[in-house]
Every structure is written in C-alpha cells, then in structure tokens.
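Working notes, structure below.
Here is how names work: the chains are called A, B, and so on, in the same order as the sequence lines, proteins then strands, and each is numbered from 1.
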Amino acid sequence: MQGRTRVKEALTALSAGADMNVKGWVRTVRVGKEVTFIALNDGSCMGNLQVVAGPDIANYEDVCGLGTGAAVAVRGKLVESPASGQKYELQASEIEVIGLADETYPLQKKRHSFEYLRTIAHLRPRSNTFGAVFRVRSSLSQAVHRFFGERGFLCVHTPIITANDCEGAGEMFRVTTLNMAGPPLLDGEVDYSADFFGQATGLTVSGQLEGELFALAFSDIYTFGPTFRAENSNTPRHAAEFWMIEPEMAFADLMADAALAEEFLRYLCRHVLDQCREDLEFFNQHMDPGLIARIEVVADASFAMMEYGEAVERLQAAPRKFEFPVEWGLDLQTEHERYLTEEVVGGPVFIVNYPKEIKAFYMRQNDDNRTVAAMDLLVPKVGEIIGGSQREERFDLLLERMAEVGIDPQGLRWYIDSRRWGSCPHAGFGLGFERLIMYLTGMENIRDVIPFPRTPRHAEF
RNA sequence: UCCCCAGUAGCUCAGUCGGUAGAGCGGGUGGCUGUUAACCACCAUGUCCGUGGUUCGAGUCCGCGCUGGGGAGCCA
C-alpha cells in the first residue's frame, strides 16, 4: 500500500473497507484500557478522522502517551463507526509517531482568544477557526482567478517596487539600499540619484495606473497582488500589507464597471456557499449567526444604485443623528455608509457620481462639471467593499485636473502618454481581498484573515 | 495619530470596603469508560505588565511608561 489518503477523502469515502495510510496532527487523545481514540486532522477539512487503536498494536503505550499537536502516520482500515458522532473511523493496525508534541504545546484543546492566537501565528493554522479561514482564503483566491479567466481577462503582474510617489493613495514604504546611518547628501537632502534605482522608490500602493496601460492593450485585465501602505492605522480593517484585486476594462463606462463589480461579488458569494460549505457553517455557528443568510441574499439579489446627491438627501432626512456632518461636497463617513446600506437599502448599494473634490485625479469628470464618474459599493456590516471609477481618458482634461490638485505630470509621463495615442473610455475598480474574506467569513479583524499580518509594530513571523 | 477600556497561574477569567491570591480549562498521578474538546478523585501551580508614589499595609488608590483590544481618522 502506497501513498497517503487525506482525512477529507477518508471521511467522504463512498464505502468502508479500504486499507489506507493517513497522516496528520493529533487534536485530542482519549485513552482507555481496551481502546484509545485519536482525533486526527491534516488540514484538508474541518472534521477530524477518529483513529481507533487497541492494545494489540506494537507501540500502544507510546500511542496512549501522545499529546495534542503530535504528528503521526496511521495505517489501518476504514470501517463503519459503531458509535454515533462519525460515519467512519480508522481501525489502526500500525501507528508511527513522526513528531512528538509535549505538554508545552501552546494550542490546547479548548477555546483560545484571537488575541492570544495572534501571538502564536506560527501555530494557529492548526486550530479549527484558522484552518477554516485559510481554506476559505485559498479557495477564494482561486475563484478570483477563475472568474476573470472565464471572462477573458488578462492577468497582469504589476510592479511591487515603484517610483510613483504621487498617487496620493497613502504613505509609501521606502525601498533603498543606501546606508541609513550616513546616506549621500545633496544640498542637505538625501541624494536618491545614488540609490539602487537612481531615484527614490517605494513599495506599491496600487497597481491601477500600470493596470490601465495593459487594459489599453489587452482590453480587459486584472491584477491580484500585494499592496503596501505605511499609514499608522490601528484598526481591525487595516494592515500595512494586504492583497488587492483590480480589474480594468477598455471601452467601458461606469455602468459597465458597476455591472462587473456586481457580477464579481455575487460570483464569489455563490462560490463560498457552494465550495466552502463546511467551513461556512462553522463560521455561521460560532462567529456570526446571520452569515450564511446574508451571503445568500447578496448572491441572489441585484444591487441597488444611488446618486451621491440622493445619498446626501437621504442622510439629511434620516431620523437619527450622525457624529459627522452631512452636506453636499463632504465625503461619506463609515457611519453614513452603513446607514445607507443597512437602513435605507437593506442590502448592497452602489453610490455613484461623487463631487470631484473628494475623489482622485484620474476619475472622469461628468458633464455637470462638479462630479466624477466614481462608484463605491457598500454592503451591510462592512460599509465600503469596492471602490472604482471610469477613468479620465481625455488628454486635456486629465492634465487640467492634475494641475488643479498639484501633481507634477513629469513623474507620470508614461501614464499621460496612454491618453496621447489611442485613448479610449475605460473603467475599473479595486477590491481589498482581506475585506472580502472578512465579509464572507464573519471574521471581524483583518489580522485574523492574513497568515502573518503586518501592522504597525508587528512584522514577526 | 486622537479618544475609551483592559493587563492576575500555561490558557480563559473572578478577586467585595485597601488587610499577603482563587475557579474552570490545560498539566501530573490514579480510577473508569466504544470514547466524542469524555467522566471521577487527588496534586502542583503566580515577577498580580513595569516603574514611581499615597498608606501601618496596594492585585485593589494616584502619576508615568509599555503592551493588547475597541472606536475615530486615513483607506482597501
């Protein structure tokens, strides 16, 4: 007998009777005089395989002494379980102890706080919750690529190291090989012309600008990669390193953009409902009792759409007080967004056509001269989950807008060139991957949906 | 960065009016059992975050610092 059978395959076998090898980590051991039970997990699914060992196996004493966390290989026969609680169990004929775990193993067979588990991020994937989180994360990641692949979108890997420092999308991490203790100086300032790239560089805060260039060659593209923000944000929704999905479509306007965002989000909801059911039920039971119902609503509903101007009117007419003022021209706060999606609409809603003063320079100016073709998708419990826009494709207007907000066109010559030759209407959006995972699992802290999260003062592991 | 809350056994927490510290889980030992994060009995657990102060006496009150969490801002 060769190979290794995964716990998931064993538990879902069509019938009992097969001999198999199963390898994994011990979750609990229950020792008896005549028989010992081991709950074995290999990460392939939420459930454990019950291994039954009798005194007849060679190293029965060692097996009885196993602790939570040990790695073992079990050879045995899959049999119908005589007791309730599981359909099958593995009647062991041989148990090899591969890696011991003594009583100092930090994961106990009890509930731990998420705060504590963050301090042992190297071990928490062996817990039920984090097993489920990272199975869902992996499955969603693959679903993202499948969604775009099925629709003919080109996957583009935009650069991680960049010299764009004028996107205004947040503070950048500096990338340098200069000696920090004594950098070369020019007129009292650090001389980046002596640096590795001959100029100041940092980690990307967005792949959008490069993505646009590829959309103007391949029509429909997307990026899915890491993004870095050096903001000192201490909240459950922000990390210094996170993953972002940014599709971009040529010959598309804001409505086409919103249509894609809606199709995309509904596809991903349907995906976890169909493909991650066991893990989702775990979250629904332990984390967020309304989770599955909420995802089902989004998977089936069509999303509402509301003009920014109407949103402001609705907020001003709201029978409740907000902490922050509501007035045409001001940005919507989290409390406003949640009121709109939870109370006014009761489901996902696009807010479109924002005042140009509160949005980025690359968004397309509308004919009213005071709004831009921007959209935010708001969902209950989270607020903004997708932000996108139609881009300003008109050369003169783009330059005009850059001058207004004080961006030096020289640093973005390559971007402006795309409007010089063969420019066309195009649109795209950005979705924070971790926020999607939070939305679809009910996990409430971004640090608990990233394997080894990076936040201010935290880069361990 | 601002505001609020918390820090006590390996983990989760209790600790009253200021009087030298407890429970559950985990661990150890034994018992029992086709068991289900088993059950029963016994045993051991401590820089009460650090620091300075008030006090006869501080886990408890006060100042400062550190760490963690929540809210806000920034945003995805």
Is there a donor-acceptor pair closer than 3.5 Å between any side-chain N or O of A:Ser139 and the backbone N or O of A:Arg135? no
For a quick test of reading the model: is some side-chain N or O of A:Lys109 closer than 4.0 Å to OP1 or OP2 of B:U36? no
Can you tell whether the side chains of A:Arg294 and A:Asp288 come within less than 4.0 Å, N to carboxylate O? yes
Using the C1' atom in both, what is the distance from B:A58 to B:G52, to the nearest Å? 13 Å
Please determine whether a side-chain nitrogen of the Lys or Arg among A:Asp253 and A:Arg391 lies less than 4.0 Å from a carboxylate oxygen of the Asp or Glu. no
What's the closest nucleotide to the side chain of A:Gln86 if the choices are B:C75, B:U35, B:U67? B:U35
Tell me if the side-chain of A:Asn48 makes a donor-acceptor pair with the base of B:U36, cut-off 3.5 Å, by modelled atom types. no
Between the side-chain atoms of A:Gln50 and the base atoms of B:U35, is any donor-acceptor pair under 3.5 Å? yes
Watson-Crick or G-U counterpart of B:C42, or none if no pair lies under 3.5 Å: B:G28
So, are A:Glu241 and A:Arg229 salt-bridged, with charged N and O less than 4.0 Å apart? no
For B:C11, does OP1 or OP2 lie under 4.0 Å from any side-chain N or O of A:Arg124? no
So what does A:Ser84 hit on the nucleic acid, given a heavy-atom distance under 4.0 Å: a base, only sugar-phosphate, or nothing? base
With P as the reference atom in both, quote the distance from B:U12 to B:G7 in angstrom, rounded to an integer. 13 Å
A:Arg111 has its side chain closest, among B:G69, B:A37, B:G34, to B:A37
Taking atom types as they are modelled, would you say the side chain of A:Glu89 forms a donor-acceptor pair with the base of B:U36 within the 3.5 Å cutoff? no
With C1' as the reference atom in both, quote the distance from B:A41 to B:G59 in angstrom, rounded to an integer. 32 Å
Interatomic distance where CG belongs to A:Asp331 and P belongs to B:A72 [whole Å]: 15 Å
Charged N to carboxylate O under 4.0 angstrom, A:Arg370 versus A:Glu357? no
Could you work out which one of B:U35, B:G73, B:C11 sits closest to the side chain of A:Tyr116? B:C11
Phosphate oxygens OP1/OP2 of B:C66: is one of them under 4.0 Å from a side-chain N or O of A:Arg457? no
Taking atom P in both B:C48 and B:U60, what distance in whole Å separates the two? 11 Å
Select one nucleotide: of B:C74, B:G69, B:G34, the one nearest the side-chain heavy atoms of A:Glu231. B:C74
Under 3.5 Å on both distances, the Watson-Crick or G-U partner of B:C2: B:G71
Side chain of A:Thr28 (C-beta onward), nearest among B:A38, B:G73, B:U1: B:A38
Is the distance from the ring center of A:His122 to that of A:Phe452 below 6.0 Å? no
Are A:Thr36 and B:U35 close enough that a side-chain N or O sits under 4.0 Å from OP1 or OP2? no
Roughly how far apart, to the nearest Å, are B:G26 and B:C11 at atom C1'? 7 Å
Against the side chain of A:Val52, the closest entry in B:G34, B:G24, B:U35 is B:G34
Nearest heavy atom decides the nucleotide; on that basis, is A:Thr235 or A:Asn445 closer to the 5' end of RNA chain B? A:Asn445
Side chain of A:His458: nearest nucleotide among B:C74, B:G68, B:G70? B:G68
Taking only the side-chain nitrogens and oxygens of A:Arg229, find out if one of them lies under 4.0 Å from OP1 or OP2 of B:C75. no
Is there a donor N/O on one and an acceptor N/O on the other, under 3.5 Å, for the side chain of A:His112 and the base of B:C11? no
Between A:Tyr362 and the options A:Gln208, A:Glu393, A:Glu212, the side chain to side chain donor-acceptor pair (under 3.5 Å) test singles out A:Gln208
Could you check whether the side chain of A:Gln108 and the base of B:G10 have a donor-acceptor pair of N or O atoms closer than 3.5 Å, going by distance alone? yes
For B:C62 and B:C25, measure between their C1' atoms and round to the nearest Å. 36 Å
Are A:Asp448 and A:Arg118 ion-paired here, with the side-chain N under 4.0 Å from a carboxylate O? yes
Using the glycosidic torsion, which applies to B:U67: syn (within 90° of 0) or anti (everything else)? anti
Describe the nucleic acid contact of A:Phe324 in one word from base, sugar-phosphate, nothing, applying a heavy-atom distance below 4.0 Å. sugar-phosphate
Classify A:Pro236 by what it touches in the nucleic acid, base, sugar-phosphate, or nothing, heavy-atom distance under 4.0 Å. sugar-phosphate
Taking B:G34, B:G69, B:C75 as options, the one with an atom nearest any side-chain atom of A:Arg118 is B:G69
Between A:Ser81 and A:Glu335, the residue closer to the 5' end of RNA chain B by nearest nucleotide is A:Ser81
Partner nucleotide, any strand, of B:U12 [Watson-Crick/G-U, under 3.5 Å]: B:A23
Kindly say whether, by distance alone, the side chain of A:Ser233 makes a donor-acceptor pair under 3.5 Å with the base of B:C74? yes
